Enquirer: 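This is the structure I have questions about; it appears just below.
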Amino acid sequence: MKITAVIMAGGKGERFWPKSRSSYPKQFLSLTSDGETMIQKTIKRLLPIVDTEDIFIVTNENYVPLINEQLPDIPSENILAEPVARNTAPCIALAAAVISKKYNEDAVMMVLPSDHLIKYDELYTDTMRHAVKVAMKGENLVTVGITPTYPETGYGYIKFCSAADEDMAGVYKVDKFVEKPCRETAKEYLNSGRYLWNSGMFVWKVSSIMNNFKKFLPDMYEGYLRMRETALTGSFRETLAECFENFRSESIDFGIMEKAENIYTLSGSFGWDDVGSWLALEKINKTDECGNYVSGDVISIDTNRSIICGNKKLIAALGVEDIIIVDTDDAMLICSKEHTQQVKKVIETLKTCNRRDLI
């Protein structure tokens, strides 16, 4: 049975402004000391499981040159450019159409974000191999949850219940998906031992997920059939444009996963981080004795628990705490740590002020 990987790489990464821009979003940035970009790391850790020629990347048309530059080994026909962004469900339908046409509907799809970091690659590999085996059984839809280590309010959660059959050790039946909780509710989730963070990683056969599209998203399923018919032909681009024009924006979580049966989850403990804001830099990189993460030409004096990313000019930080400073050629961000999730407001203001050159 063919094993494939689908990398979703169309996001804008607005919380990483000013380094992340609409023309150069987060997944193409290097945020670690080894110089590898987020999407390069994503592909690299998959190679023990799936061949390069079986990796597909769904992205924005504008990002195709970046993918060709950073991932030259990915076949050009495996880079699937969405004509317009329509969230994760149409993205998955597009990839499923091409994979089922190139191989068949029994092919397994690992569906993964392009901008997450994993600390322990071997544990990740073992978990994903296990998920693939579960997905091969019947009509199973598999999600990889993350064992929570603190009461995070910025993630959705997966509530799991009974263990699966004896031949699927370590696999649990999903009870329900829940939205981002308040802090008190997150504490309850953590203490119960029955919830996982929703990582956005999925594994299934093409036939398994598309049967659920047929049931819960029939219009999108019709688009899938049309795309599959012309996939790998000269008329595919035209069909793609027509289908995406008619698709509504829909997430796979809301459109399928919250409604489907036969959903199972595995608990992942491989040092996962979704790198959702600048705060991630102090978790994924070494900090100094004062708890600061510093890169570039920076002098820090009496500075504590701060993140400072220099560019071409010297940054001198004196007597500050819990602050983020990010410098680029044409913009600088200065914000308190507690406001990192609100960086999108800067983007909104720039749009209002017609400063799209900085977005």
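Everything numeric here is computed off the predicted structure, so don't read it as measured data.
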Enquirer: In terms of the angle between their ring planes, are W278 and F16 parallel, tilted or perpendicular, with boundaries placed at 30° and 60°?
Expert: tilted
Enquirer: Under 4.5 Å between any side-chain heavy atoms of L225 and E222, yes or no?
Expert: yes
Enquirer: Testing the 3.5 Å rule here: is there a donor-acceptor pair between the side chains of T42 and S114?
Expert: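 Result is no, nothing qualifies.
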Enquirer: Hydrogens and angles aside, do T32 and D34 bring a side-chain donor and acceptor to less than 3.5 Å of each other?
Expert: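 Distance-only check passes for T32 and D34.
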Enquirer: Checking side-chain contact (heavy atoms from CB on, under 4.5 Å) for the pair C182/T153: CA distance, chi angles, key distance, verdict?
Expert: CA-CA 6 Å; C182 66; T153 60; 5.8 Å; no
Enquirer: Checking T239 side chain against T230 main chain: does a donor-acceptor pair fall under 3.5 Å?
Expert: no
Enquirer: Evaluate whether atom NZ of K259 has more than 12 neighbouring non-hydrogen atoms of other residues, nucleotides or ligands under 6.0 angstrom away.
Expert: yes
Enquirer: Minimum heavy-atom separation for A81 to V64, with atom names?
Expert: CB-CG2, 3.9 Å
Enquirer: Going by heavy atoms in the side chains, are I325 and M332 under 4.5 Å from each other?
Expert: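 Yes, at least one pair of side-chain atoms sits under 4.5 Å.
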Enquirer: Might you point out which heavy atoms bring V6 and V58 nearest each other, and give the distance in Å?
Expert: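 Looks like CG1-CG2, 4.0 Å.
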Enquirer: Do E184 and K187 sit within salt-bridge range, that is, some charged N less than 4.0 Å from a carboxylate O?
Expert: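 Salt bridge: yes.
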Enquirer: Can you confirm whether more than 12 heavy atoms, excluding those of F254, are under 6.0 Å from its CZ atom?
Expert: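 No, CZ of F254 has 12 or fewer neighbouring heavy atoms, counting only those of other groups under 6.0 Å.
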Enquirer: What do the steps show when you test R45 against K41 for side-chain contact (heavy atoms from CB on, under 4.5 Å), and what is the final call?
Expert: CA-CA 6 Å; R45 62 176 168 261; K41 285 181 174 295; 4.0 Å; yes
Enquirer: Looking at side-chain heavy atoms only, is the closest gap between K102 and K2 below 4.5 Å?
Expert: no
Enquirer: Test K313 against every option in D297, D327, D329 by the salt bridge (charged side-chain N to carboxylate O under 4.0 Å, His left out) rule and name the one that passes.
Expert: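 Looking at D297, D327, D329, the match for K313 under the salt bridge (charged side-chain N to carboxylate O under 4.0 Å, His left out) is D327.
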Enquirer: Just so I know, are the side chains of L46 and M110 near enough to count as touching, which here means a heavy-atom distance under 4.5 Å?
Expert: yes
Enquirer: Looking only at side-chain N and O atoms, does E238 offer a donor or acceptor that is under 3.5 Å from a partner on S235?
Expert: no
Enquirer: Does atom CD of E229 have more than 12 heavy-atom neighbours, drawn from other residues, nucleotides or ligands, at distances under 6.0 Å?
Expert: no
Enquirer: Hydrophobic clusters here meaning ILVMFWY residues chained together by side-chain heavy-atom distances under 4.5 Å, can you tell me if I324 and I299 are in one?
Expert: no
Enquirer: Evaluate the side-chain contact (heavy atoms from CB on, under 4.5 Å) criterion for residues L31 and L281: first the C-alpha distance (whole Å), next the side-chain angles of each, then the deciding distance (0.1 Å), finally the verdict.
Expert: CA-CA 7 Å; L31 299 175; L281 291 189; 3.8 Å; yes
Enquirer: Take atom OH of Y120 as the centre, draw a 6.0 Å sphere, and report whether it contains more than 12 heavy atoms from other residues, nucleotides or ligands.
Expert: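 At most 12 heavy atoms, drawn from other residues, nucleotides or ligands, come within 6.0 Å of this atom.
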Enquirer: Would you name the heavy atoms of Q342 and E338 that are closest together and state the gap between them?
Expert: NE2-O, 4.4 Å
Enquirer: Look at the aromatic rings of Y124 and F270 and report parallel, tilted or perpendicular, splitting at 30° and 60°.
Expert: perpendicular
Enquirer: Calculate, to the nearest 0.5 Å, the distance between atoms CD and NZ belonging to E139 and K205 respectively.
Expert: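 Result: 5.5 Å between the selected atoms.
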Enquirer: If you look at every heavy atom in E82 and F244, which pair is closest and at what distance?
Expert: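 Minimum heavy-atom contact is OE2-CE2, 3.5 Å.
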Enquirer: Answer yes when E61 and R237 have at least one side-chain N-carboxylate O distance shorter than 4.0 Å, and no when they do not.
Expert: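 The answer is yes: the pair qualifies as a salt bridge.
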Enquirer: Tell me every residue that passes salt bridge (charged side-chain N to carboxylate O under 4.0 Å, His left out) with K26, counting only those two or more places apart in sequence or in another chain.
Expert: D115
Enquirer: So which atom in D73 and which in T52 form the shortest heavy-atom distance, rounded to 0.1 Å?
Expert: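 It is O-CG2, 3.3 Å.
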Enquirer: Could E261 and K215 be called an ion pair, given the rule that one side-chain N must be under 4.0 Å from one carboxylate O?
Expert: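 No salt bridge links E261 with K215.
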Enquirer: Ignoring hydrogens, what is the shortest heavy-atom contact between P25 and S20? Give both atom names and the distance.
Expert: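 Taking every non-hydrogen atom into account, CA-OG, 3.2 Å.
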Enquirer: Closer than 4.0 angstrom, basic N to acidic O: yes or no for K173 and D175?
Expert: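 Answer for the salt bridge query: no.
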Enquirer: Tell me if the centroids of the rings in Y224 and F213 come within less than 6.0 Å of each other.
Expert: no
Enquirer: What class does the angle between the rings of F160 and Y172 fall in, given that below 30° is parallel, 30 to 60° is tilted and above 60° is perpendicular?
Expert: tilted
Enquirer: How about K12: does its NZ atom have over 12 heavy atoms from other parts shown lying under 6.0 Å from it?
Expert: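 No - once you tally the heavy atoms of other residues, nucleotides and ligands closer than 6.0 Å, there are 12 at most.
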Enquirer: Is the distance between the ring centroids of W204 and Y264 under 6.0 Å?
Expert: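 No, they do not, as the ring centres are separated by 6.0 Å or more.
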Enquirer: Could you walk me through whether R21 and T328 pass the side-chain contact (heavy atoms from CB on, under 4.5 Å) check?
Expert: CA-CA 11 Å; R21 305 291 178 94; T328 66; 3.4 Å; yes
Enquirer: Any chance CD of E77 has more than 12 other-residue heavy atoms, nucleotides or ligands included, within less than 6.0 Å?
Expert: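 Above 12, so yes.
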Enquirer: Can you confirm whether more than 12 heavy atoms, excluding those of K337, are under 6.0 Å from its NZ atom?
Expert: yes
Enquirer: Report the residue from I3, V50, V144 that forms a side-chain contact (heavy atoms from CB on, under 4.5 Å) with M128.
Expert: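 In the set I3, V50, V144, the residue that makes a side-chain contact (heavy atoms from CB on, under 4.5 Å) with M128 is V144.
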